[in-house]
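In what follows, a single structure is set out as structure tokens and then discussed.
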Amino acid sequence: MDVRDILIEAVRAALVGLGVEPPGAVQLERPANPDHGDWSTNAALASAKAAGRNPRELGAELAARLGADPPAHVTGVEVAGPGFVNFRLADTWLHDVLRDVVAGGEDRFARHDAGAGERVIVEFVSANPTGPLHAGHGRGACFGDSVARLYERIGHPVQREFYINDRGTQMQLYADSLAARAAGDEVPDGGYNGQYIVDWAAAMPGDADPLEWGYARALADQREVLESLHIRFDTWFSERSMIGSGAVDATLADLRAADAAYDEEGAVWLRSSDHGDDKDRVLVKSDGEFTYLLPDIAYHRDKFARADRLVNVLGADHHGYVARVHAAMHALGYDPSELEVTITQLVNLQRDGQEVRLSKRTGDIVELAEVVAEVGADAARFTYLLQSVDSAQAFDLELVASQVNENPVFYVLYANARIHSIARRAAEAAVVRPDLVDTDLSVLGHPRELRLLRALHELPDTVLRAASERAPHQVTTWVRDLAADFHGFYHDCRVMGDGVDAGLTAARLWLVETVRIGLAVALDLLGIDAPEQMWRDGGEDD
RNA sequence: GCCCUCGUAGCUCAGUCGGAUAGAGCGACCGCCUCCUAAGCGGUAGGCCACAGGUUCGAUUCCUGUCGAGGGCGCCA
């Protein structure tokens, strides 16, 4: 049983015993200051007002009652500050954490069933099939994939989807650009100017249909770079397929039936302003062509038929689009709260201290494939997931590729390498780790050891929170902290060798095993493969 | 003009549905390798949490406004 459940129950019971109605949720937190104990509750502060009591006095009574019959592991209870009740615990609660981590293992530790089987579709990337993915796409790609991993970890069946906008104006411009380059001409107005157009046009067979050939070429290129980042989609959903199936026409008919669409100036409009958009939007242009919006509405209906919750990952330049889709879903009777949209802010790619523009229209792009080739898949993923997607990111190619201290990637991977190094040394020395039940964990009392166990105790909560907030960077932050705690432990606490008796070695080997498990779980959520060995290259001082 | 996101150490960023003395890395300075990988560890310096109000026992956190930065406001996607 988790120590928090033990404490919360005890607090609740003690409040009832004092004749005070407990707050709806008794909050328990880990104080930043160790002087305030191992765990702390604000229950007295939270319930004093309703009970008409002085918070500090109520806290004192609560502490006294809890101290008279202390819950498991608790060695001291005291009131502090305005009425906090602080618990001091024996190290045994952390030894229980070690057992829990080992019992769960990589597969079940920090896994939850909170998702309760609710089906989720995560749609991300969904770049136009008109060229290679650029460095900016990488952020949405790594983010979306990691969010999908988080949802899976908390019990959701997850589908990863890529929506292919394989018809329409942009597609035609792309085909015309390819054809022009193949003929040795300049691309048409508004066409694609990138160098890749020149290269691909040169590779295109003379009898090929530029649109179909270019489509296949772009898709293959995008798929290849995504796979290099360990990202695989369950579904590549073609916009065209919905034209053929009649799904788009059916959606338009339903929008009309719901009085959510009307005709004006020869076009068909969506009454999106009835649902929060600042103006109505065109669904069918006056020339009879669909805009991007109408098939996309049909696509979202298709997704709702296959899932209970939809998650869309969009770039910052598409944020204005969110209100339209929400409006359409609302008009068609879906619950907009089941469609969650995350906007990823821009990536400012830098190289040689110079900002590099990302627009594919200008032709001055840095392809995602170049980024992966230059820094490696794992460093790229780690870097994209380093910070919240709510703020713009400066991605410095020089820095991420460099094997220097300023690069946080190696710090974490090095911790993993050290763990495996210990295992190798143990095997060489024929040190055998006894069964956990035969290991006396009470010898684990060093501050470095206890810090590690505290950190591990937080991973399940971190996973839950990161999933519900769709914030994989919280896992990144956790794993960086764990790595720091491990490096400190590694430095101060030898696992085996002179002066370390067999009992301590055994307990520390189990401790290292829990760190290995925690690291493996977290890195898997980030989609990173950590090598078991790392050796610095190019050093001069060896 | 309207909409979205951001503003925390010199730099890059964390900060747990409001909690006690705001953290990390890098950079700067000072230390630590006969010992499981020094891609490591320890210490010092560095803060009006952009600004002004409001909400309350308590605000970096929630609300409003101002200023600043980035992005978006096409019958493109």
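A, B, ... follow the sequence lines: proteins, then strands. Residue 1 opens every chain. Bear in mind the structure is a predicted one, so any value in this text is a computation, not a measurement.
- The side chain of A:Trp269 has B:C75 as its nearest neighbour among B:G71, B:G19, B:C75.
- Taking every side-chain heavy atom of A:Arg494 into account, B:C35 is the closest of B:G19, B:C35, B:C75.
- Side-chain atoms of A:His36 never come within 3.5 Å of backbone atoms of A:Asn86 as a donor-acceptor pair (strictly under, hydrogens ignored).
- Using atom C1' as the reference point in both B:C30 and B:G46, the two lie 16 Å apart (nearest Å).
- Counting only heavy atoms from C-beta outward, the side chains of A:Lys303 and A:Asn312 approach each other to under 4.5 Å.
- Between the P atoms of B:U34 and B:A38, the separation comes to 12 Å (whole Å).
- Although no hydrogens or angles enter the test, the distance criterion places no donor-acceptor pair under 3.5 Å between the side chain of A:His275 and the main chain of A:Ser272.
- Rounded to a whole Å, the CD atom of A:Gln345 is 11 Å from the P atom of B:G72.
- Closest to the A:Glu29 side chain, of the nucleotides B:U21, B:G19, B:A20, is B:G19.
- Here the side chain of A:Thr291 is nearest to one of B:U21, B:C75, B:C36, namely B:C75.
- The backbone N or O of A:Ser126 sits nowhere less than 3.5 Å from a side-chain atom of A:Glu161 that would complete a donor-acceptor pair.
- Note on residues 23-32 of chain A: pairs passing salt bridge (charged side-chain N to carboxylate O under 4.0 Å, His left out), not counting sequence neighbours, are A:Arg30-A:Glu458.
- Judged by distance alone, with hydrogens and angles left aside, A:Ser388 brings no side-chain donor or acceptor close enough to the base of B:A14 to form a pair under 3.5 Å.
- Spacing between B:A24 and B:G70 at atom P, rounded to whole Å, works out to 31 Å.
- Listed nucleotides B:G40, B:U21, B:C4 differ in distance to A:Arg418; the shortest reach to its side chain belongs to B:G40.
- Nucleotide B:G65 is matched to B:C51 when pairs are restricted to Watson-Crick or G-U wobble geometry with both distances under 3.5 angstrom.
- Nucleotides B:G25 and B:C63 place their C1' atoms 34 Å apart, quoted to the nearest Å.
- Ring centroids of A:Phe395 and A:Tyr384 are separated by less than 6.0 Å, placing the two rings close together.
- Within the 4.0 Å cut-off from OP1 or OP2 of B:C41, at least one side-chain nitrogen or oxygen of A:Tyr411 is found.
- In this structure, A:His36 reaches the bases: a heavy-atom distance under 4.0 Å links it to at least one base atom across the strands shown.
- Protein atom CG of A:Leu283 is 15 Å distant from nucleotide atom C1' of B:G74, rounded to whole Å.
- With P as the reference atom, B:C13 and B:U8 are 9 Å apart, rounded to whole Å.
- Between the side chain of A:Asn86 and the base of B:A20, at least one donor-acceptor pair of N or O atoms lies under 3.5 Å.
- Across the strands present, B:U12 finds its partner in B:A24; the criterion is a Watson-Crick or G-U wobble pair with both atom distances under 3.5 angstrom.
- In this structure, A:Phe84 forms an aromatic stack with the base of B:A20, since both conditions hold: centre separation below 5.5 Å and plane angle below 30°.
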message: Within the 4.0 Å limit for protein heavy atoms, which parts of nucleotides 42-47 of chain B are touched? Write it as a string from 5' to 3', B for base, S for sugar-phosphate only, - for none.
response: S-----
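- Spacing between B:A9 and B:A50 at atom C1', rounded to whole Å, works out to 15 Å.
- Contacts of residues 454-482 of chain A with RNA chain B (heavy atom under 4.0 Å): A:Arg465, A:His473, A:Gln474, A:Thr477.
- B:C41 and B:C49 have their C1' atoms separated by 30 Å, with the value rounded to a whole Å.
- The phosphate of B:C76 (OP1 or OP2) has no side-chain N or O of A:Gln170 nearer than 4.0 angstrom.
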message: Show, in sequence, the C-alpha distance, side-chain angles and deciding distance for A:Phe489 and A:His446, and conclude whether the ring pair (Phe, Tyr, Trp, His ring centres under 6.0 Å) test is met.
response: CA-CA 9 Å; A:Phe489 162 79; A:His446 193 286; 8.0 Å; no
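- For A:Ser286 and B:C75, a side-chain-to-base donor-acceptor distance below 3.5 Å is present, hydrogens and geometry of angles not being considered.
- With hydrogens and angles ignored, the 3.5 Å screen pairs a side-chain donor or acceptor of A:Asp378 with a backbone N or O of A:Asp529.
- Side-chain atoms of A:His319 stay outside donor-acceptor range of the base of B:G72, with no qualifying N/O pair under 3.5 Å.
- The residue among A:Gln393 and A:Asp317 whose nearest nucleotide of RNA chain B lies closer to the 5′ end is A:Gln393.
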